[in-house]
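Read through the structure below, which is laid out as structure tokens, and then see the notes.
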Amino acid sequence: MILSAKLMRPAGSSAKSNTLLVRLNSPTGPASAQRQPLVLGLALDRSWSMKGSKMDSVIQASSSLVNWLTRRDFLTAVAYAEDVQVIQPLVPLAEKNSVIHRLNSIQVGTSTNLSGGWLHVLRTLELHPIADGYKRVILLTDGNPTLGIKDPVQLIQIAADAYKKGISTTVIGFGNDFNEILLKEIAESGGGNFYYVETPEETGDIFFKEFGDIGTLYAQSIELKIDFPKGIDYLDLVSEVSSYQEPDPEETGRTKTLVLEVGDMRADDVKSLVVQLRPTKKDTPPNINISASYYELTDGAKLEQKTIDIPLDWNDDSAKEDADVVVEATIAKTGKGLRKAGTLLKEGYTDESIALLNDLIKDINEKEELAPEVLQTLGFRVSSLKNRILENSPTAAKHLVASASELQYGAMENFPDDGVEYHDQIFAYRTNEDIDLYRCPEIKTAIQEKMKEGYRYIVFNLAKSSYIDSSAIGMLIQVAGWLRKRGGELIVSNLRSSVKKVFSITRLESHIRASETEEEAQSLLKAWIESKAV
């Protein structure tokens, strides 16, 4: 893990406030073939409103998730309505067909006992004996709780308490009738993700994205501390992340330390945190101390710590601003603004929500030249969200909150890797044997080396592979994510019948394109590259 930080302008600047950008960069992944076992719990809403295509798509996506997991992983599933039904007790996934069969047996009920289903899964995972397993609950609902615990404060506290015990919670809101503000706060306190599924067709993509997150985890329970020395006052946390302040024992009302509960982090990821502060100039300390602690899941959940000192320049009164900090501050401000706009809209303050979005758009446009590709995309997103409100879309508030969640840690996926200039040439990787858990690290290393050379369009020729296991599926998902993160794409080709069957069973074909031949894949990528250039 690399911990870095910098200020928007020198501490000695005449500006009244300043902005601190703190970044966490995780490596692309370990060289070891082993990873921590995943211990997952599904808490699925089966209330009456889930009947039909909603329930069918959830069952299908859950079945795909089962197939993506390895035999070292564990899964339990419950479905809740007026009562809680244990669909699958916690078992190692040695025999997946029976688990999928049980998922297909889910029948809809009436009410929504969200807390009952969720708490049952949390308790099951807490009592699981494997100490080094990574534990996460995926909680899916399409409505507000009607039975059990309904108090939002209590539900948020349940998530926070479980996360302290090493169990994170991802929340998926489905349809039009759930409370997006509550679900996002549950996910935020629970160290997981928040997703919004508007139509049944989107369900598989969300489960795919979630597996890509948990299947390549690098660090858990990241805690970041920023110590403010005398002469530097804390003003505000711009980024949307759980935090608390430790007071200065020597000065009433002053914050000594800001503690950020960043949550978990996958491999090959960047998290950016933005904080506003004010140099008082009553004192001129030499630096700001920042530390990060986390459990590294690639090393037996070992506790790691990183510490850096940010030097402060008190002599330079230059007004020049660091463009990188300005851009990340703009993204963080936009994320917080979208969440507030969603809350205003939900409470009936439509005009105020639109006015806030207009201010965000204006601010983005004024800074667009600093990072055109990133900020143009951001401005378009905010404008599209505003149009949803103007069109009286009933899901506008949900889209606002979901977009705020996506911007929680910046938009670094749009920035190129340091020192790497990506090009539009196509690289063909050809396997020479079957792919399993032990071959995956070697393949990932080979792909990473080609990406360091600037490749971001890759054809994966599987002609000589008659077998791929679930670890290989996870590897393909991760590689596709790497390439798409850098504006590229992955296409697999020459699938033998046995591998085609795996793609079909796991529904991987819905997420990664397959071609009959390598030549066809090359042509598809060339057409894709040409269309982007227009």
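Owing to the predicted nature of the structure, the values given are computational and were not obtained by experimental measurement.
Val22 has its side chain out of reach of Lys271: every pair of non-hydrogen atoms, C-beta onward, lies at least 4.5 Å apart. Proximity of Thr334 to Val382: side-chain heavy atoms (C-beta onward) are separated by under 4.5 Å at one or more points. Looking only at side-chain heavy atoms (C-beta outward), Leu345 and Ile389 come within less than 4.5 Å of each other. At a threshold of 4.5 Å between non-hydrogen side-chain atoms, the residues Leu103 and Val66 count as touching. At a threshold of 4.5 Å between non-hydrogen side-chain atoms, the residues Ile491 and Phe460 do not count as touching. Between Leu407 and Leu338, some side-chain heavy-atom pair lies under the 4.5 Å cut-off.
In this structure, Leu24 CG and Ile222 CD1 are separated by 6.0 Å, a value rounded to the nearest 0.5 Å. Atom-to-atom distance recorded for Leu75:CG and Leu125:CG is 9.0 Å, nearest 0.5 angstrom. Interatomic distance, Lys336 NZ to Leu360 CG, rounded to the nearest 0.5 Å: 12.0 Å. The structure places CG of Asn104 at 9.0 Å from CD of Gln60, a figure rounded to the nearest 0.5 Å. One finds the CZ atom of Arg46 at 14.0 Å from the CG atom of Leu140 (value rounded to the nearest 0.5 Å). Distance check, rounded to the nearest 0.5 Å: CG of Leu65 to CD of Glu210 gives 8.5 Å.
In this structure, the side chain of Asp73 does not engage the main chain of Pro37 through any donor-acceptor pair within 3.5 Å. Distance alone, capped at 3.5 Å, is enough to place a donor-acceptor pair between the Asp264 side chain and the Ser221 backbone. Without hydrogens or angle criteria, Asn176 side chain to Pro394 main chain gives no donor-acceptor distance under 3.5 Å. Remark: side-chain polar atoms of Thr431 are paired, donor with acceptor, to backbone N or O of Asn461 under 3.5 angstrom. Formation of a donor-acceptor pair under 3.5 Å by the Ser465 side chain with backbone atoms of Glu433 is found in this model. No donor-acceptor pair closer than 3.5 Å links the side chain of Ser393 to the backbone N or O of Arg388. A donor-acceptor contact shorter than 3.5 Å is absent between the side chain of Thr141 and the backbone of Asp45. In terms of modelled atom types and a separation under 3.5 Å, the side chain of Lys386 and the main chain of Ile361 share no donor-acceptor contact. Between the side chain of Ser57 and the main chain of Ser53, a donor-acceptor pair closer than 3.5 Å is present. Side-chain atoms of Tyr294 do not come within 3.5 Å of backbone N or O of Val262 as any donor-acceptor pair.
Pairing each heavy atom of Leu375 with each of Lys367, the nearest pair is CD1-O, 3.1 Å. Between Val401 and Gly342 the shortest heavy-atom distance is CG2-CA, 4.4 Å. Closest of all the heavy-atom pairs between Ile458 and Ile447 is CD1-CG2, 3.8 Å. The two residues Leu44 and Ile106 make their nearest non-hydrogen contact at CD1-CD1, 4.0 Å. Summarising the geometry of Leu224 relative to Ala292, their closest heavy-atom pair is CD1-CB, 3.7 Å, with the distance given to 0.1 Å. Considering every non-hydrogen atom in both Lys306 and Met1, the closest pair reads CE-O, 3.3 Å.
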- Task: Take Glu95 and Ser98 through the side chain to side chain donor-acceptor pair (under 3.5 Å) test and state the conclusion after the steps.
- Result: CA-CA 6 Å; Glu95 206 290 293; Ser98 63; 3.0 Å; yes
- Worked check of side chain to side chain contact (heavy atoms under 4.5 Å, CB included) between Glu261 and Val241: CA-CA 7 Å; Glu261 297 174 332; Val241 59; 5.6 Å; no
- Message: I'd like to know whether Lys51 forms a salt bridge (charged side-chain N to carboxylate O under 4.0 Å, His left out) with Asp142, so could you lay out the CA-CA distance, the side-chain angles of the two residues, the decisive distance to 0.1 Å, and finally the verdict.
- Response: CA-CA 11 Å; Lys51 67 182 184 296; Asp142 78 335; over 6 Å; no
- After noting the C-alpha distance and the side-chain angles of Tyr163 and Thr169, does the key distance pass the side chain to side chain contact (heavy atoms under 4.5 Å, CB included) rule? CA-CA 8 Å; Tyr163 190 57; Thr169 298; over 6 Å; no
- Give the intermediate values and the outcome of salt bridge (charged side-chain N to carboxylate O under 4.0 Å, His left out) for residues Arg381 and Glu406. CA-CA 12 Å; Arg381 175 185 288 192; Glu406 292 174 17; 3.2 Å; yes
- Please walk me through it: do Ser403 and Leu385 pass side chain to side chain contact (heavy atoms under 4.5 Å, CB included)? CA-CA 9 Å; Ser403 293; Leu385 291 168; 3.7 Å; yes
- Message: Pair Gln88, Thr76 - check side chain to side chain donor-acceptor pair (under 3.5 Å), show working.
- Response: CA-CA 5 Å; Gln88 176 61 61; Thr76 183; over 6 Å; no
- Would Phe74 and Leu40 count as a side chain to side chain contact (heavy atoms under 4.5 Å, CB included) if you check the C-alpha gap in whole Å, the side-chain angles of each, and the deciding distance to 0.1 Å? CA-CA 6 Å; Phe74 295 76; Leu40 299 186; over 6 Å; no
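Within the cation-pi definition used here (under 6.0 Å to the ring centroid, within 45° of the axis), Lys398 qualifies as a partner of Phe178.
By the 4.0 Å N-to-carboxylate-O rule, Asp424 lies too far from Lys526 to be salt-bridged with it. The pair Arg430-Glu518 meets the salt-bridge criterion, with a side-chain N (NZ, NE, NH1 or NH2) lying under 4.0 Å from an Asp/Glu carboxylate O. Between Glu516 and Lys500 a salt bridge is recorded (basic side-chain N to carboxylate O distance below 4.0 Å). By the 4.0 Å N-to-carboxylate-O rule, Glu180 lies close enough to Lys346 to be salt-bridged with it.
The 12-atom threshold is exceeded at NZ of Lys54, counting heavy atoms of other residues, nucleotides or ligands nearer than 6.0 Å. In the displayed structure, His101 atom NE2 is contacted under 6.0 Å by at most 12 heavy atoms of other residues, nucleotides or ligands.
Residues that satisfy the side-chain hydrogen bond (donor to acceptor under 3.5 Å, both in side chains) test with Ser168, not counting sequence neighbours, are Tyr134, Arg136. In this view, Ser466 and Asp434 satisfy the side-chain hydrogen bond (donor to acceptor under 3.5 Å, both in side chains) rule, not counting sequence neighbours.
The aromatic rings of Tyr455 and Phe427 sit tilted, their planes meeting at an angle between 30° and 60°.
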Enumerate, atom names and distances included, each donor-acceptor pair closer than 3.5 Å involving a side-chain atom of residues 181-190, sequence neighbours excluded.
{"unit_1": "Lys184", "atom_1": "NZ", "unit_2": "Glu188", "atom_2": "OE1", "d": "3.1"}
{"unit_1": "Glu185", "atom_1": "OE2", "unit_2": "Arg339", "atom_2": "NH2", "d": "3.2"}
{"unit_1": "Glu188", "atom_1": "OE1", "unit_2": "Arg339", "atom_2": "NH1", "d": "3.0"}
{"unit_1": "Ser189", "atom_1": "OG", "unit_2": "Glu185", "atom_2": "O", "d": "3.1"}

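Under 3.5 Å, the side chains of Tyr457 and Gln425 contain no donor-acceptor pair of N or O atoms.
Between Phe174 and Tyr196, the ring center distance fails the sub-6.0 Å criterion.
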